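Everything numeric here is computed off the predicted structure, so don't read it as measured data.
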Amino acid sequence: AIIADYLVKMGRNVLWITSGNAYQSWLDAKSLLDDRALFFPAWDIEPYEHRLPDEAAVFTRLDCYRRAKSHESKVIVAEAKALLYPVFPPNTLRDFSMTLRVGDTISPEKLMARLTASGYTREELVEFLGSTSQRGDVLDVFTPAYHDPVRIEFFGDEIESIRLFSAENQRSKETLERVEILPANEWLKPFWSTADGSPDSIRAGLRKDLARKIPRAKLDEIIARMAI
């Protein structure tokens, strides 16, 4: 933690992969760096295990993605297992996140469609992370960016107010001028989707990815030799 503290304060970004308890290492780093120490937990499942990971770990990882975007130097603490699964490329996080402000114009129906495309589950009442609901001109969403759900009130298609509220009693807690909404999970379809898996599709994908890095004649030779 002391070395990470030194490097971060020198302006470096640090990825600290621990061999022991990553959470305790994060607490040690946080005691020195406060909010500049981020925790990136592992999913609590093994590869090919047929269940979803614990939602708390997923939302902590999503919040880490969000906070890692800042230009301020920081340390991200993780164990090796946390990196076994693909992580969001910056463009995917950007495409499935949104920032809304009071006065912005967007219809509640269009916003709901964007939320469901970003992995949110539509419910009658928002009580847990990753859920959203709509009642007339009021749209609620519980995004990993906040500890409380967000209530967005519309006047027609204009955002009239944004507030945090309690998931337990549904009462308003704090008024906001803007809100950042992250994806609800790490397995969005566009991120995980791949080509059709055929040899021609794989070759075409490789050719596109490598075209700017390898001379065409050499690239044609490499692909011709591939056993696909």
Side-chain angles (χ1 to χ4, degrees), residues 1-49 51-100 114-115 117-120 128-131 141-150 164 167 176 178-194 209:
I2 294 174
I3 295 175
D5 174 60
Y6 172 77
L7 292 172
V8 170
K9 289 177 178 176
M10 289 291 291
R12 303 287 187 87
N13 287 314
V14 178
L15 174 60
W16 180 5
I17 301 177
T18 69
S19 58
N21 187 326
Y23 182 76
Q24 183 59 53
S25 296
W26 169 70
L27 291 177
D28 294 341
K30 185 174 175 61
S31 68
L32 299 172
L33 292 165
D34 198 23
D35 288 341
R36 294 165 74 182
L38 311 181
F39 181 48
F40 193 70
W43 286 0
D44 63 330
I45 58 174
E46 301 300 327
Y48 311 113
E49 190 173 349
R51 67 180 180 88
L52 295 177
D54 176 68
E55 66 176 21
V58 173
F59 292 131
T60 301
R61 288 165 63 99
L62 288 166
D63 187 55
C64 184
Y65 290 128
R66 175 183 70 90
R67 295 168 61 194
K69 292 189 302 179
S70 73
H71 297 296
E72 187 177 39
S73 58
K74 62 192 72 67
V75 58
I76 298 176
V77 184
E79 61 178 286
K81 182 182 177 182
L83 307 178
L84 285 178
Y85 293 90
V87 297
F88 273 153
N91 63 312
T92 300
L93 183 64
R94 181 187 65 244
D95 292 346
F96 286 91
S97 300
M98 65 189 91
T99 300
L100 301 172
R114 289 195 61 182
L115 290 172
S118 295
Y120 287 87
F128 54 86
L129 281 161
S131 60
V141 58
F142 204 157
T143 171
Y146 302 91
H147 294 296
D148 293 299
V150 177
L164 297 178
L176 304 175
R178 61 186 291 276
V179 62
E180 184 174 6
I181 300 177
L182 301 178
N185 59 53
E186 292 185 89
W187 45 90
L188 297 170
K189 185 176 180 181
F191 174 49
W192 288 90
S193 62
T194 59
D209 291 341

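Of all the heavy atoms in I76 and A68, the pair that sits closest is CD1-CB, 4.1 Å. F59 approaches A184 most closely through the heavy-atom pair CE2-O, 3.2 Å. Taking both residues in full, the closest heavy atoms of A1 and L32 are given as O-CD1, 3.7 Å, listed atom of the first, atom of the second, then distance. The shortest non-hydrogen separation linking P183 to L93 is CD-CD1, 3.9 Å. Taking each heavy atom of K74 and L38 in turn, the nearest pair found is CD-CD1, 3.6 Å. Taking each heavy atom of A78 and A22 in turn, the nearest pair found is C-CB, 4.1 Å.
Residues meeting the side chain to side chain contact (heavy atoms under 4.5 Å, CB included) test with A80, sequence neighbours left out: I17. Taking Y65 as the reference, F40, F88 meet the ring pair (Phe, Tyr, Trp, His ring centres under 6.0 Å) condition, with sequence neighbours excluded. Annotation: side-chain hydrogen bond (donor to acceptor under 3.5 Å, both in side chains) contacts of T60 (sequence neighbours excluded): none. Residues satisfying the side chain to side chain contact (heavy atoms under 4.5 Å, CB included) criterion with S19, sequence neighbours excluded, are absent altogether. Remark: L164 pairs with Y146, D148, V150, E174, L176 by the side chain to side chain contact (heavy atoms under 4.5 Å, CB included) rule, at least two apart or across chains. Legend: residues meeting side chain to side chain contact (heavy atoms under 4.5 Å, CB included) with S131, ordered by chain and number and at least two apart, are E123, V126, F128, F142. Residues that satisfy the salt bridge (Lys or Arg N to Asp or Glu O under 4.0 Å) test with R67, not counting sequence neighbours, are D63. Under the rule for a ring pair (Phe, Tyr, Trp, His ring centres under 6.0 Å), Y120 has no partner lying at least two apart in sequence or in another chain. Residues satisfying the salt bridge (Lys or Arg N to Asp or Glu O under 4.0 Å) test with D44, not counting sequence neighbours, are R51. With sequence neighbours left out, the ring pair (Phe, Tyr, Trp, His ring centres under 6.0 Å) criterion links F39 to Y23, W26.
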**OP:** Output, in order, the C-alpha distance, side-chain angles, deciding distance and verdict of side-chain contact (heavy atoms from CB on, under 4.5 Å) for E180 and T143.
**Re:** CA-CA 8 Å; E180 184 174 6; T143 171; over 6 Å; no
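With rounding to the nearest 0.5 Å, the separation of OG in S118 from CE in M98 is 4.5 Å. In this structure, CG in L100 is found 4.5 Å from CD1 in I181, a value given to the nearest 0.5 Å. A distance of 9.5 Å separates CD1 of I2 from CG of D28, quoted to the nearest 0.5 Å. Put simply, NZ on K30 and CZ on R36 are 12.5 Å apart, with the number rounded to the nearest 0.5 Å.
Listed by first then second residue, pairs satisfying salt bridge (charged side-chain N to carboxylate O under 4.0 Å, His left out) with a partner in residues 7-18 read D5-K9, not counting sequence neighbours.
For the side-chain contact (heavy atoms from CB on, under 4.5 Å) criterion with P41, the lone passing option out of K81, R61, E79 is R61.
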